Novice: 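Provided herewith is a single structure, encoded as structure tokens, for subsequent inquiry.
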Amino acid sequence: MDKMYVYYLLKAITNFKLGDIHGSTMVHITMESMNNSVIPIPSFDEQKDIATFLDKKCASIDNALTKAQHQVELLQKYKQSLITEVVTGKHKVC
């Protein structure tokens, strides 16, 4: 099996089964939950294609999040600057 496919598969199962996860210090999935799970195992080539697709999509999402976080930081700086200008009288409020 392709290691990245297995990574995404386990991550998906864990996220999907959050309601079935038990444990206080170490989270685990019960055997009953695993026995009731269907685990898709496509051909090795399909696994690689799926993993490659998910790598690209995850990178795209991470990039969008980084840009959004940067915009939030800029807006926070702008907000603070505007507050400072109003308080010091450099910007008049109607």
Side-chain angles (χ1 to χ4, degrees):
M1 291 186 72
D2 181 71
K3 66 181 177 180
M4 287 307 296
Y5 176 78
V6 173
Y7 166 78
Y8 286 120
L9 178 65
L10 292 174
K11 190 169 184 162
I13 290 171
T14 302
N15 288 336
F16 182 71
K17 294 289 187 177
L18 280 177
D20 295 335
I21 294 176
H22 305 285
S24 56
T25 56
M26 183 170 226
V27 177
H28 64 279
I29 300 174
T30 64
M31 279 306 293
E32 180 182 354
S33 175
M34 288 301 292
N35 287 337
N36 293 329
S37 298
V38 176
I39 300 175
I41 304 176
S43 71
F44 187 75
D45 288 339
E46 286 178 302
Q47 290 176 29
K48 289 188 81 54
D49 290 344
I50 291 168
T52 300
F53 173 82
L54 290 173
D55 284 341
K56 289 177 184 176
K57 286 296 181 184
C58 288
S60 174
I61 292 168
D62 289 343
N63 187 32
L65 285 172
T66 300
K67 286 181 180 178
Q69 288 170 342
H70 180 67
Q71 289 176 339
V72 168
E73 290 170 6
L74 289 176
L75 287 170
Q76 287 173 337
K77 287 179 183 177
Y78 176 70
K79 175 184 169 186
Q80 188 58 47
S81 174
L82 187 57
I83 290 170
T84 302
E85 287 179 10
V86 170
V87 169
T88 59
K90 291 182 182 176
H91 191 85
K92 292 187 179 186
V93 180
C94 298

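This is a predicted model, so every value here is computed, not measured.
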Novice: Say you draw a straight line from CG of Asp55 to CZ of Phe53; how long is it, rounded to the nearest 0.5 Å?
Specialist: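 Those atoms lie 11.0 Å apart.
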
Novice: Return each pair, listed once, that meets salt bridge (Lys or Arg N to Asp or Glu O under 4.0 Å) where at least one residue sits in residues 56-85; pairs must be two or more places apart or across chains.
Specialist: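 Found none.
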
Novice: Can you tell me which residue pairs pass the salt bridge (Lys or Arg N to Asp or Glu O under 4.0 Å) test with a partner in residues 30-54, sequence neighbours excluded?
Specialist: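 Residue pairs passing salt bridge (Lys or Arg N to Asp or Glu O under 4.0 Å), neighbours aside: Asp2-Lys48.
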
Novice: Can you list the steps and then say if Ile41 with Gln47 is a side-chain contact (heavy atoms from CB on, under 4.5 Å)?
Specialist: CA-CA 8 Å; Ile41 304 176; Gln47 290 176 29; 3.8 Å; yes

Novice: Test of understanding: clusters of I, L, V, M, F, W, Y form through side-chain heavy atoms closer than 4.5 Å, transitively. Do Ile39 and Tyr8 belong to the same one?
Specialist: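 Yes.
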
Novice: Would you say Leu10 and Met1 are hydrophobically clustered, going by side-chain heavy atoms of ILVMFWY under 4.5 Å?
Specialist: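 Per the 4.5 Å side-chain linkage, Leu10 and Met1 are co-clustered.
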
Novice: Say you draw a straight line from OG of Ser81 to CD of Gln76; how long is it, rounded to the nearest 0.5 Å?
Specialist: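 So the OG of Ser81 and the CD of Gln76 are separated by 13.5 Å.
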
Novice: Can you name the residues that form a side chain to side chain contact (heavy atoms under 4.5 Å, CB included) with Leu74, not counting sequence neighbours?
Specialist: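 Leu74: side chain to side chain contact (heavy atoms under 4.5 Å, CB included) contacts with His70.
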
Novice: Considering residues at least two apart in sequence or located in another chain, which fulfil the side-chain hydrogen bond (donor to acceptor under 3.5 Å, both in side chains) criterion with Tyr5?
Specialist: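 Residues passing side-chain hydrogen bond (donor to acceptor under 3.5 Å, both in side chains) with Tyr5: none at all.
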
Novice: Taking the hydrophobic residues Ile, Leu, Val, Met, Phe, Trp and Tyr, and joining any pair whose side-chain heavy atoms are under 4.5 Å apart, which ones share a cluster with Leu65?
Specialist: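 In the cluster with Leu65 are Ile61.
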
Novice: Can you get from Ile83 to Leu75 by hopping between Ile, Leu, Val, Met, Phe, Trp and Tyr side chains that sit under 4.5 Å apart?
Specialist: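 Each belongs to a different hydrophobic cluster.
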
Novice: Supply the members, apart from Phe44, of the Ile/Leu/Val/Met/Phe/Trp/Tyr cluster built from side-chain contacts under 4.5 Å; use none for a lone residue.
Specialist: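 Besides Phe44, the hydrophobic cluster comprises nothing; the residue is isolated.
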
